[in-house]
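Structure first, then comments.
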Amino acid sequence: MSTFSTEFIAMPLTIEQKILELREELNQHNYNYYVLDNPTISDFDFDLKLKELEKLETENPQFFDANSPTQRVGGEITKNFVTVTHKNRMYSLDNSYSKEDLLDWEKRIQKIIGTEEISYTCELKYDGASINLSYQNGVLVSAVTRGDGFQGDEVTANIKTIKSIPLVLKEPFLENFEIRGEIILPFDGFNKMNEERIDIGEEPYKNPRNTASGSLKLQDSAEVAKRPLDCLLYHIVADKNPIATHFETLEKARLLGFKVPDAIKVCKSMEDVFLFIEKWNTKRFDLPYETDGVVVKVNLLAQQDELGYTAKSPRWAIAYKFKTEQESTILNEITYQVGRTGAITPVANLEPVELAGTTVKRASLHNADQIEKLDIRVGDTVFVEKGGEIIPKVVGVDLEKRPLNSVPTNYITHCPDCNTKLVRTEGDAKHYCPNEYGCPTQITGRIQHFISRKAMNIDGIGAETIELLFKEGLIANYADLYELKEEQIIPLERMAEKSAQNIIVGIEKSKEIPFEKVLFALGIRFVGETVAKKLAKHFKSIDNLMKASFDELITVDEIGERIAKSVIDFSNNLVNIQQVERLKSYGVQLEVSAESLQNTSTILQGKIFVVSGVFTHFDRNELKKSIEDNGGKVASSISSKTTYVIAGDNMGPSKLAKAESLGVPIITEYDYLKLLE
Ligand code: AMP
Ligand code: ZN
């Protein structure tokens with residue numbers, strides 16, 4: 001008889017065990033958060049654990065695993081996606097639009113199956129981009145787009161950044177199988193992405209589906225990682241599938257760790273199918289993502305086999321397309337809006353109409369081409385649709401109802417606000433008002449951006465106040481804000497002593513806002529929050545930034561030619577130079593504060609580094625930060641301007657060859673530490 005049980009001896013974990021344990025824990029937290037939508041740990045604690053794992057992995061590269069949760073941040077660049085032939089063809093679905101269509105389908109399959117009973121599963125048709133995931137021995141090995149159904153593009157590096165897709169299954173299943181699903185972009189995330197785009201003066205994306213499918217083909221997987229993509233699964237393909245019904249395969253998929261929506265039902269009859277369709281025809285508007293129909297599938301897999309495929313699609317499944325919510329109404333007027341960047345948007349002002357539960361008075365007309373293509377005219381009866389976008393759109397004209405006296409629409413040639421002749425550059429669908437510094441809407445738009453929460457965060461002033469102050473001639477640019485006096489504000493409409501005081505205090509307080517936010521507030525095109533941070537950190541002051549050459553700008557991590565050009569345009573403009581000087585004279589922070597300059601040196605000034613591989617002493621980001629904190633620059637690719645390449649383990653062979661051919665010295669992280677001494 002043994003005297004003690006091993007349970008009572010606390011054995012210290014080996015490093016490998018610790019790493020495995022952390023990976024499992026983090027996988028579970030990802031699953032709770034992204035699949036179950038039910039996190040059990042704070043973001044902060046999650047990040048701490050992830051950092052801990054990252055550190056252990058960099059210190060112990062022998063335990064590297066491509067499927068570790070640390071690999072979700074992306075970073076791999078794919079210049080050309082490899083075309084891959086699907087092991088099992090990815091078919092389309094036949095469409096149906098009515099109960100009759102569905103009953104016809106039922107008759108067709110009953111003919112083949114005979115007297116045996118048929119039951120169906122109903123699931124929603126998710127509107128995104130289809131993807132085929134292959135798993136081998138429990139880990140994700142490849143992800144391929146549908147392509148033409150026979151061949152698709154391998155996008156594994158990008159897909160791995162989507163956190164609701166398990167890189168490692170939660171329980172063992174077959175040695176090999178494929179699972180298919182739809183990559184989607186939920187409305188929330190889509191709207192957030194668009195807010196950010198509007199912030200930097202870019203056109204918002206049109207709809208979630210196209211944005212999701214475009215994301216799969218981005219070259220930089222780190223960019224994909226930033227997009228809030230999701231994946232909903234609907235089909236398992238396996239040679240030796242031990243499961244009997246489609247419904248059970250979906251339940252199995254859930255157990256394996258996949259996200260399978262709850263809106264799935266087994267239906268014993270077509271009547272039940274109709275009920276499901278009716279229910280979701282309206283309930284779908286409450287879902288966080290876009291759906292465009294219901295997919296009805298024969299539930300028994302043996303019956304599916306028996307039914308087989310036509311040249312294009314399975315006989316055992318059919319899609320029922322929801323009718324797009326469409327109404328017709330009269331177009332009363334076309335008005336034109338000017339954005340902060342001068343972009344003109346035509347807007348349809350409609351006779352109010354009920355559409356998908358809301359009253360619609362205005363709809364988007366996109367641009368001049370769209371108006372011309374559809375020949376949309378004032379007085380027309382137009383069809384309005386509500387799709388994935390928040391704003392409904394005009395999709396066509398009821399020509400039979402066109403009034404006799406109707407005249408074609410002449411798109412405006414001059415800005416509705418300042419009457420400047422509009423310009424349209426090649427390849428751009430939009431017209432722009434080029435009167436950047438004289439056009440009222442552009443001026444107020446720029447000041448409104450300046451005071452906004454993520455920029456100077458000036459309390460006490462809202463968008464309307466800016467318009468009022470501008471109309472009264474008290475401000476004509478953001479620098480003017482700092483000259484405002486209480487006495488000037490008090491007499492204005494809806495103002496009182498207290499509100500005027502608040503405004504002055506708010507403006508005064510904005511002088512403490514750190515440089516990086518001020519830089520964002522200046523409203524330089526394409527300089528959003530993150531880019532502003534990068535530039536502030538790198539150049540340390542507005543003077544350095546405005547003096548920087550194009551070449552200097554593009555050596556900064558993540559700063560491309562487009563941003564560099566925009567910064568140069570801004571810096572060369574006399575109006576901007578004067579305004580920046582004025583802001584400086586009022587005490588606005590136009591350089592990095594002394595405090596954040598501590599712990600830094602200029603020892604690496606003028607030196608340009610490229611960092612490649614896995615490091616022991618530093619984690620990669622720490623190393624980059626250290627270089628920048630000491631005045632050096634980090635570039636993403638090797639050129640003749642590179643001073644040193646710091647190479648860790650597993651440095652890419654092409655980088656190595658490039659460094660050697662250009663004669664750029666390759667040093668280790670320890671050599672780097674010596675440079676700092
Ligand atoms: P279609 O593109 O109209 O031929 O429809 C087929 C596509 O619908 C498939 O390639 C899938 O990407 C997509 N789909 C979305 N939801 C489902 C679902 N629940 N079951 C099967 N396919 C779906
Ligand atoms: Zn204008």
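From a predicted model like this one, the values you see are computed outputs, not experimental measurements. Both ligands and their constituent atoms are indexed starting at 1 by order of listing. Just so you know, these numbers use all the heavy atoms, side chains as well, and skip hydrogens, waters and symmetry mates.
With respect to Arg424 and Asp369, a salt bridge is recorded, a charged nitrogen being found less than 4.0 Å from a carboxylate O. Salt bridge Glu171/Lys252: present, at least one basic N to carboxylate O contact under 4.0 Å. Looking at Lys226 and Glu223, a side-chain N of the basic residue comes within less than 4.0 Å of a carboxylate O on the acidic one, giving a salt bridge.
Rounding to the nearest 0.5 Å places NZ of Lys170 at 9.5 Å from CG of Leu255. Atoms CG and CG, from Asp480 and Leu469 in turn, are 10.0 Å apart once rounded to the nearest 0.5 Å. Thr291 OG1 to Leu287 CG: the interatomic distance, rounded to the nearest 0.5 Å, is 5.5 Å.
Around ligand 1, the residues contributing at least one heavy atom under 4.0 Å from the ligand are Ser92, Leu93, Glu123, Leu124, Lys125, Tyr126, Ser130, Arg146, Glu182, Tyr234, Val295, Lys297.
Taking the six-membered ring where the residue is Trp, the centroids of Tyr91 and Tyr309 are separated by under 6.0 Å.
Sorted by first and then second residue, the side chain to side chain donor-acceptor pair (under 3.5 Å) pairs with a member in residues 255-274 read Asp230-Lys259; sequence neighbours excluded.
Around the Zn ion (ligand 2), the protein atoms of type N, O or S found under 2.8 Å away are Cys415 SG, Cys418 SG, Cys433 SG, Cys439 SG, listed by chain and number.
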When the side chains of residues 429-437 are checked against the rest of the protein, which donor-acceptor pairs come out under 3.5 Å, sequence neighbours left out?
| unit_1 | atom_1 | unit_2 | atom_2 | d |
| --- | --- | --- | --- | --- |
| Lys430 | NZ | Thr345 | OG1 | 3.0 |
| Asn435 | OD1 | Gly438 | N | 3.2 |
| Asn435 | ND2 | Thr420 | OG1 | 3.3 |
| Tyr437 | OH | Asn576 | OD1 | 3.0 |
| Tyr437 | OH | Asn576 | ND2 | 3.1 |

